[in-house]
A.B. asks: 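Shown below is the structure under consideration.
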2 protein chains.
Amino acid sequence: MSNLTASGSSHHGDLKNALLQAGEQLLAEKGIAAVSLRDVARAAGVSHTAPYRHFRNKADLLRVLALIGFVRLNGEFAEARGSEKFGPERQLVAAAVGYVRFAMANPEMFRLMFGGLVLTDGDAEYMVASRAVLACLEDIMRAGIAVGVFRDRDASELALVAWTSMHGLVSLLMSGAMGVRAADRDQSGKLVRVVMQHVIFGLSR
Amino acid sequence: MSNLTASGSSHHGDLKNALLQAGEQLLAEKGIAAVSLRDVARAAGVSHTAPYRHFRNKADLLRVLALIGFVRLNGEFAEARGSEKFGPERQLVAAAVGYVRFAMANPEMFRLMFGGLVLTDGDAEYMVASRAVLACLEDIMRAGIAVGVFRDRDASELALVAWTSMHGLVSLLMSGAMGVRAADRDQSGKLVRVVMQHVIFGLSR
DNA sequence: ACCTGAACACCGTTCAAGT
DNA sequence: ACCTGAACACCGTTCAAGT
């Protein structure tokens, strides 16, 4: 009578991954506020107490989900940096565009990652994951300083400014505080470029 | 037998305000995730169905709470601009410092305002409230352009860059993604100045 | 008009118990 | 080791009913 709900064979070995997969899907579909641990378990085809074998509680599952989000975001950044035929400025713009694209494609994941609902104030894994994002930007800035296009300051300082700008832009865009509706993503591309143009101008010598 | 819970005489006329007041306090104390409509009603000394006379549902109460937050934030900005003896650059730094101070003093309120949990995707009041924040920054930028310290661009464009930067900084700071623990607010003051210095450099001619 | 109490369909979490 | 089912103390929301 137990309905094995789609999403492939799961109930044998790696229930943990099945739960995370179901969680990510529910997060994207129903939004962070509407995702319940019982729903996740249901979607994975197990009883609602089974998740407690693999996660301390609901917050812990969400925390791991956020970490997965950081891995995805890092991938987007790495891709931007990978296009080495571009100069540092264009790599920085590409990173910002990737940032926006990631947030637009996974809005609820983005909220989960930066909404502060998950944070244990000093969670080691979370800090490692988020620092990796900053590190990728630092690489770009360092290269730009070496070539002489960016100001000769601490690379981490410049990276922080860059991250701050693109994060603020995306964050405001997605919160709705900028008055841009969810449907108008085309215009946002232009917005990103305008803002990043100013930021790069400020970071350049 | 009904316990009239502190917070002054409320149960007669303006239950709506009493509920908002209780809501704001609970939000600050227990965090956005832990605030329940029943708790709010309890704190206001009424039954848990009474709030429905004044708010459509829980989300509606939270939405109004967020609007109150914007009023507070605007006050902080207005104060920064009010110090007219300062030039536009220092007014901008003052605004950023005020932004940080507000977020630090009301972290859960800040999350509520920008966390996207409340947004009805085009709520009129929300858009008015958030645009007022941008307008205040625009005034500063316009003044700076007129005096010749900022680049001669659209004031709204420069204001957007400024808002983006300070919001991103505060947002990352508070999410914990920057690895700064909640206790270290002193260092953040320095951080704000460093970032804003770069931003202003980019906005200046 | 404004508030209450019971009721409904949900939660997260715990725990004894099954294989 | 891994999962289940009942149980507990909560939710948000609705609705008939009271004053």
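What's counted below: heavy atoms across the whole structure, side chains too, no hydrogens, waters or symmetry copies. Source: prediction; values computed, not measured. Protein chains get the first letters and strands the later ones, always in sequence-line order, with residue 1 at the start of each.
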A.B. asks: If we ignore hydrogens and angles and just use 3.5 Å, is the side chain of Asn57(A) paired with the main-chain N or O of Asp60(A) as donor and acceptor?
C.D. replies: yes
A.B. asks: Measure from the side chain of Asp39(B), starting at C-beta and using heavy atoms only, and say which of dT13(D), dC11(D), dT13(C) lies closest.
C.D. replies: dC11(D)
A.B. asks: Counting only heavy atoms not in Glu79(B), do more than 12 sit closer than 6.0 Å to its CD atom?
C.D. replies: no
A.B. asks: Backbone N or O of Phe102(A) within a donor-acceptor pair of the Asn106(A) side chain at under 3.5 Å?
C.D. replies: yes
A.B. asks: Tell me the interatomic distance from His48(A), atom NE2, to dC2(D), atom C1', rounded to whole angstroms.
C.D. replies: 16 Å
A.B. asks: If the plane angle is over 60° it's perpendicular, under 30° parallel, otherwise tilted; pick one for Phe114(A) and Tyr99(A).
C.D. replies: tilted
A.B. asks: Return the nearest nucleotide to the side chain of Ala50(A); candidates are dC3(D), dC11(D), dA7(C).
C.D. replies: dC3(D)
A.B. asks: List the atom pairs, with distances to 0.1 Å, where a side-chain N or O of residues 191-198 of chain A and a protein N or O form a donor-acceptor pair under 3.5 Å, not counting sequence neighbours.
C.D. replies:
residue	atom	partner	partner atom	Å
His198(A)	ND1	Arg151(B)	NH1	3.4
His198(A)	NE2	Glu157(B)	OE2	2.8

A.B. asks: Would you mind telling me which residue lines up with the more 5' stretch of DNA chain C, Arg53(A) or Arg38(A), judged by nearest nucleotide?
C.D. replies: Arg38(A)
A.B. asks: dC3(C), dG12(D), dC3(D): which one has an atom nearest the side-chain heavy atoms of Ser47(B)?
C.D. replies: dC3(C)
A.B. asks: Kindly express the pairing pattern of DNA chain C in dot-bracket notation, using | wherever a base pairs with another strand and counting only Watson-Crick or G-U pairs under 3.5 Å.
C.D. replies: ||.|||||...|||||.||
A.B. asks: Looking at His54(B), does any N or O in its side chain come under 4.0 Å of the phosphate oxygens OP1/OP2 on dC3(C)?
C.D. replies: yes
A.B. asks: Can Glu125(A) and Arg63(A) be counted as an ion pair, charged N to O under 4.0 angstrom?
C.D. replies: yes
A.B. asks: For Thr49(A), answer base if it contacts any base atom (sugar-phosphate contacts may also be present), sugar-phosphate if it contacts only those atoms, and nothing otherwise; contact means non-hydrogen atoms under 4.0 Å.
C.D. replies: base
A.B. asks: Under 4.0 Å from OP1 or OP2 of dT14(D): is there any side-chain N or O of Tyr52(B) that close?
C.D. replies: no
